Every structure is written in C-alpha cells, then in structure tokens.
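This structure is a prediction, so every number in the text was calculated from the model and none was measured.
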Amino acid sequence: MHKIFSSIKMQEISQHLKLIFILIGVGIVVASTYFSNKLGNELAQEEKRKIEIWAEATRQLILSDETTNLDFIISIIEGNKTIPVLLVDDHDNLLSSKNVKEPLKDIDSFYRNEINRLKFKNSPIEVKLSDSTQYIYYDDSRLLKQLYYFPYVQLGIIFFFFIIAFFAFSSTKKAEQNRVWVGLSKETAHQLGTPISSLLAWVDLMKMKYEDDKMIGEMSKDVSRLRIIAERFSKIGSAPDLQLVSLNETILNAVQYISNRTSEKVKIQCHFPDKNHIFIKLNVPLFEWVIENLCKNSIDAMDGSGKIYINISKSEKDCIIDVRDKGKGIERKNYRTIFSPGFTTKSRGWGLGLSLAKRIIEEYHNGKIFVKSSEINNGTTIRIILKT
C-alpha cells in the first residue's frame with residue numbers, strides 16, 4: 001500500500017509542476033502583451049506626430065513661394081519611409097500616396113478600399129489650404145504591426161515549448177516506469193525461482209512416499225502454477241516471443257484455471273464465432289495472464305456472484321475479444337485511469353493487474369485494450385483488439 005500512496009503522491013507532484021509551468025507561461029504572455037501594447041501605443045503616438053509634421057510639410061510645399069526652403073520641406077516629406085500615407089481631397093479623391101504597395105491591377109478599386117479602411121483606423125489629419133482642405137489617412141508602420149503581433153508569436157513559441165516539454169517529460173516518465181516494471185518483474189521472478197524449485201523437489205518426494213494421496217496432486221498443480229507465474233514475470237521486459245496458437249484453447253485454459261479457483265456462484269461463458277479454431281500469434285503465458293486478470297476484476301466487481309461473458313469475433317484484419325460482466329461498473333472519467341499503475345477501488349491490492357494487461361496487449365502483442373462500455377451497477381465490457 002505504501003507504494004500505491006507513493007505513486008499517487010508522485011502523480012500529485014507532477015500535476016502541481018504542470019500547473020506551475022502553465023501559470024508561468026500565462027504570466028509571461030500577460031506581461032509580454034501588456035508591455036507590447038504599452039510600447040505599441042507609445043510608438044503609435046510617435047508615428048502620429050511624425051505624420052502631423054509630414055502634413056505640415058506637405059501644406060507648406062503646396063503653398064510654397066520663392067522664399068520657401070524647398071530642400072528642407074522635401075527632406076521631411078521624403079524622410080517618411082515606413083508609414084503608409086494617402087493624401088485625398090475633401091471628396092476622398094486620391095491625390096497622392098506614399099509607402100503603399102500597389103497591386104498589379106484594379107488600382108483604383110484598391111485605393112478606394114484603402115481610403116475607406118484607413119478613414120476609420122486612425123483619425124485623419126487635415127491639411128488646410130487657402131481655398132480648400134485636404135486630408136491625410138495613414139496606416140500603422142510595419143514595425144508597429146510587428147510589435148502588436150509579437151505577443152501572439154511569443155504565445156505560439158511558449159505553446160510549442162510546452163508541447164516539446166510535455167512529450168519529453170512523458171517519454172522520460174514512461175522510460176522510468178518501464179525500468180521499474182522490468183526491474184521489479186525480473187527481481188520477483190528471481191526471488192521466486194529458488195523456493196519454487198525447492199517446493200517442486202519436495203512435492204516429487206511426497207509423491208514417491210504417498211502415491212495415492214490426491215492432495216499431493218493438487219499441491220503439485222499449485223506449485224506448477226507458481227512456476228508459470230514466475231515465468232511470466234521473467235518475460236516482462238524481454239523481446240516478445242509470439243507463436244501461432246489456438247486462441248480458443250488459450251482462452252479456455254485461462255477460464256478453466258479461474259473457474260477451478262473461484263466460487264460456484266460465478267459462471268464464465270465463452271462464445272466463439274464458429275467451431276473452427278482461431279489461430280493467432282500470442283505469447284501464451286502472458287496472454288493467459290491478461291484473461292485471468294480481467295476475469296478476476298469482473299469477479300470482484302460482482303462481489304463473487306454472477307456471470308462473465310467472453311465473446312470472440314473476427315474480421316479480415318482484427319480479432320476482437322470482449323469480456324463483459326454485470327458488476328458495479330466504472331465511471332466514465334475512470335475509463336483510462338483504471339489502466340494506470342496504482343489505481344484500484346479495492347481495499348486490498350496494488351492496482352497493477354490492468355496496468356500489466358495493458359502493457360502485455362499493447363507493447364507485446366501490438367494490440368489495443370480499453371473500456372468499450374460501462375454503466376454503474378449494470379456492468380462493464382473490456383475490449384481487446386489483436387491483429388490477425
């Protein structure tokens with residue numbers, strides 16, 4: 001139980017770290033947006049002042065006489081190389097433009113649209129002449145636009161960083177979990193090996209001395225079962241050894257073992273698509289372990305009384321195995337969580353059965369296992385999909 005609490009504690013720490021990273025990212029984006037907007041507003045005011053100076057220079061150029069310093073005025077007008085400007089009359093007819101990229105065609109239509117757009121973007125600047133008034137419409141410079149877009153670019157970069165960090169963290173965590181799984185499994189197999197060998201020898205001696213004792217036969221079966229369990233643990237982490245076998249026989253063997261060791265109130269029924277056997281590549285000891293774990297969970301969910309249905313169907317590419325019970329059911333929010341190490345609803349147990357089942361099916365058999373459906377107090381169906 002201590003390991004379960006440690007696993008839960010690590011999950012809580014991981015969730016807290018994720019929340020801290022998210023808050024830091026949000027804080028960076030908020031601060032960046034605030035300062036970018038502040039700088040943008042200051043730059044916008046500065047550009048407005050430049051356009052006002054540009055407007056005055058334009059007015060003086062139009063009203064110039066022999067005493068006007070044209071070189072100075074022209075230098076001011078030519079000095080604007082970044083801010084798009086449209087000079088129009090009091091009827092919004094275009095008189096001139098500067099820093100505007102014209103299209104190759106429909107130029108008149110383009111300028112009409114630009115005039116209508118800029119009229120509402122920034123307050124127009126009047127150029128008062130002796131007998132008329134002209135107006136200057138202007139747009140934000142490229143630099144100002146980039147400054148406004150900068151927070152969104154930064155947000156995208158932070159989001160991309162979080163995605164990379166998430167996958168790196170997940171990969172590291174998964175690799176660490178795999179090392180723990182493999183180490184724990186192989187150490188368990190190693191520790192069980194010596195006492196099991198000793199028990200097998202003692203059982204053989206007892207058989208020789210008490211040949212007619214039926215209890216010794218049952219003890220032999222249980223010790224052999226322990227040897228199989230140790231063998232299963234030893235295979236965790238090793239390259240999958242898949243052999244073409246009968247799926248029917250493999251499932252029936254696992255069901256037979258569970259049926260012999262559970263209450264008569266529990267009935268397990270297997271339904272195969274036809275009388276012909278389905279042959280599929282399996283690691284038999286590990287796959288039987290999966291079926292046994294699913295049946296045990298169903299028995300616990302039904303409080304040791306009820307029926308379990310194992311339905312097998314086959315398509316051209318897949319073989320589908322549904323394990324259905326009429327037990328307590330699973331809440332939808334826990335459909336994925338039940339396959340996590342340490343998750344259990346029982347007062348006793350480590351919560352490793354379904355996690356091992358998921359690992360065996362997905363990593364060793366390249367298949368899928370998931371909760372197909374479940375209703376509270378109306379049972380659960382776990383589905384396994386294997387490639388044929």
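When the side chains of ILVMFWY residues are joined at heavy-atom separations under 4.5 Å, either directly or via intervening members, V255 and Y309 end up in two distinct hydrophobic clusters. Residues Y111 and L87 fall into different hydrophobic clusters, defined by Ile, Leu, Val, Met, Phe, Trp and Tyr side chains chained together at heavy-atom separations under 4.5 Å.
The pair K98-E78 meets the salt-bridge criterion, since a charged nitrogen lies less than 4.0 angstrom from a carboxylate oxygen. Salt bridge absent: K372 and D322 never bring a charged side-chain N and a carboxylate O closer than 4.0 Å. Salt-bridge formation is not detected for the pair R49/E52: no Lys NZ or Arg NE/NH1/NH2 atom is positioned less than 4.0 Å from an Asp or Glu carboxylate oxygen. One finds a salt bridge joining K121 and D140 here, because a Lys/Arg side-chain nitrogen approaches an Asp/Glu carboxylate oxygen to under 4.0 Å.
In this structure, S97 and E102 have side chains that are in contact, with non-hydrogen atoms separated by less than 4.5 Å. At least one side-chain heavy atom of L282 sits less than 4.5 Å from a side-chain heavy atom of L386. Counting heavy atoms from C-beta on, the side chains of Y135 and V127 never come closer than 4.5 Å. Within the 4.5 Å cutoff, no side-chain heavy atoms of I310 are placed close to those of Q269. Between I321 and F287 the shortest side-chain heavy-atom distance falls below 4.5 Å. At a threshold of 4.5 Å between non-hydrogen side-chain atoms, the residues T380 and I382 count as touching. Contact of the V88 side chain with the Q134 side chain is not registered, since no non-hydrogen atoms from C-beta on lie closer than 4.5 Å. Side-chain atoms of F272 and L252, non-hydrogen and from C-beta on, do get closer than 4.5 Å to each other.
Expressed to the nearest 0.5 Å, how far CD1 of I258 lies from CG of L294 amounts to 10.0 Å. Rounded to the nearest 0.5 Å, atoms CD1 (I136) and CG (L95) are 10.0 Å apart. Rounded to the nearest 0.5 Å, atoms CH2 (W289) and CG (L356) are 5.0 Å apart. The distance from atom NZ of K317 to atom CD1 of I385, rounded to the nearest 0.5 Å, is 13.0 Å. From D325, atom CG reaches atom CD1 of I299 across 10.0 Å, with rounding to the nearest 0.5 Å. The OG atom of S132 lies 6.5 Å from the CG atom of D90; values are rounded to the nearest 0.5 Å.
Closest non-hydrogen pair, L354 versus I338, comes out as CB-O, 3.5 Å. In terms of heavy atoms, E264 sits closest to K267 at O-CE, 3.4 Å. Between S373 and Y335 the shortest heavy-atom distance is C-OH, 4.0 Å. Looking at every heavy atom in both residues, C295 comes nearest to I268 through SG-CD1, 4.2 Å. Here the closest non-hydrogen pair linking P84 and S141 is CD-CA, 4.3 Å.
Between the side chain of N334 and the main chain of T337, no donor-acceptor pair closer than 3.5 Å is present. Between the side chain of S374 and the backbone N or O of I330 there is at least one donor-acceptor pair closer than 3.5 Å. In terms of modelled atom types and a separation under 3.5 Å, the side chain of H277 and the main chain of E249 share no donor-acceptor contact. Without hydrogens or angle criteria, N99 side chain to I83 main chain gives a donor-acceptor distance under 3.5 Å. A donor-acceptor contact shorter than 3.5 Å is absent between the side chain of D318 and the backbone of K314. The closest donor-acceptor contact from the side chain of N93 to the backbone of D89 lies at 3.5 Å or more, if one exists at all. Side chain of H365 to backbone of I360: a donor-acceptor contact under 3.5 angstrom is found. Remark: side-chain polar atoms of S263 are not paired, donor with acceptor, to backbone N or O of V266 under 3.5 angstrom.
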Begin with the C-alpha distance, continue with both residues' side-chain angles, and end with the deciding distance and a verdict on side-chain contact (heavy atoms from CB on, under 4.5 Å) for T381 and V371.
CA-CA 6 Å; T381 300; V371 179; over 6 Å; no

Practice prompt. Verify side-chain contact (heavy atoms from CB on, under 4.5 Å) between I361 and V290, making sure each step is shown before the conclusion.
Written response: CA-CA 8 Å; I361 293 298; V290 172; 4.1 Å; yes

How far apart are the C-alpha atoms of E47 and Y138, what are their side-chain angles, what is the distance that settles it, and do they pass the side-chain hydrogen bond (donor to acceptor under 3.5 Å, both in side chains) test?
CA-CA 9 Å; E47 289 186 352; Y138 66 98; over 6 Å; no

- [ ] Please report the C-alpha distance between V85 and N80 in whole Å, then the side-chain angles of each, then the deciding distance to 0.1 Å, and finally whether the side-chain contact (heavy atoms from CB on, under 4.5 Å) criterion is met.
- [x] CA-CA 9 Å; V85 176; N80 174 26; 3.4 Å; yes

Between E288 and T250, does a side-chain hydrogen bond (donor to acceptor under 3.5 Å, both in side chains) hold up when you go through it step by step? CA-CA 7 Å; E288 286 182 352; T250 304; 5.3 Å; no

### Message
As a quick check of understanding, evaluate side-chain contact (heavy atoms from CB on, under 4.5 Å) for F279 and L247, giving each step before the final call.
### Response
CA-CA 6 Å; F279 287 92; L247 179 64; over 6 Å; no

| message | salt bridge (charged side-chain N to carboxylate O under 4.0 Å, His left out), that's the test. Do D139 and R117 meet it? Break it down for me. | response | CA-CA 9 Å; D139 199 359; R117 182 177 69 85; 3.0 Å; yes

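Applying the 6.0 Å contact sphere to CZ of R261 captures more than 12 heavy atoms from other residues, nucleotides or ligands. Counting heavy-atom neighbours within 6.0 Å of R332 CZ, excluding the residue itself, gives a total of 12 or less. The 12-atom threshold is not exceeded at CG of N366, counting heavy atoms of other residues, nucleotides or ligands nearer than 6.0 Å. Counting non-hydrogen atoms of other residues, nucleotides and ligands closer than 6.0 Å to NZ of K281 gives a total of 12 or fewer.
For the residue pair Q256 and N260, a side-chain donor N or O sits within less than 3.5 Å of a side-chain acceptor on the partner. Defined by atom type and a distance below 3.5 Å, a donor-acceptor pair is present between the side-chain atoms of D92 and Y137.
Remark: K328 pairs with D303 by the salt bridge (Lys or Arg N to Asp or Glu O under 4.0 Å) rule, at least two apart or across chains.
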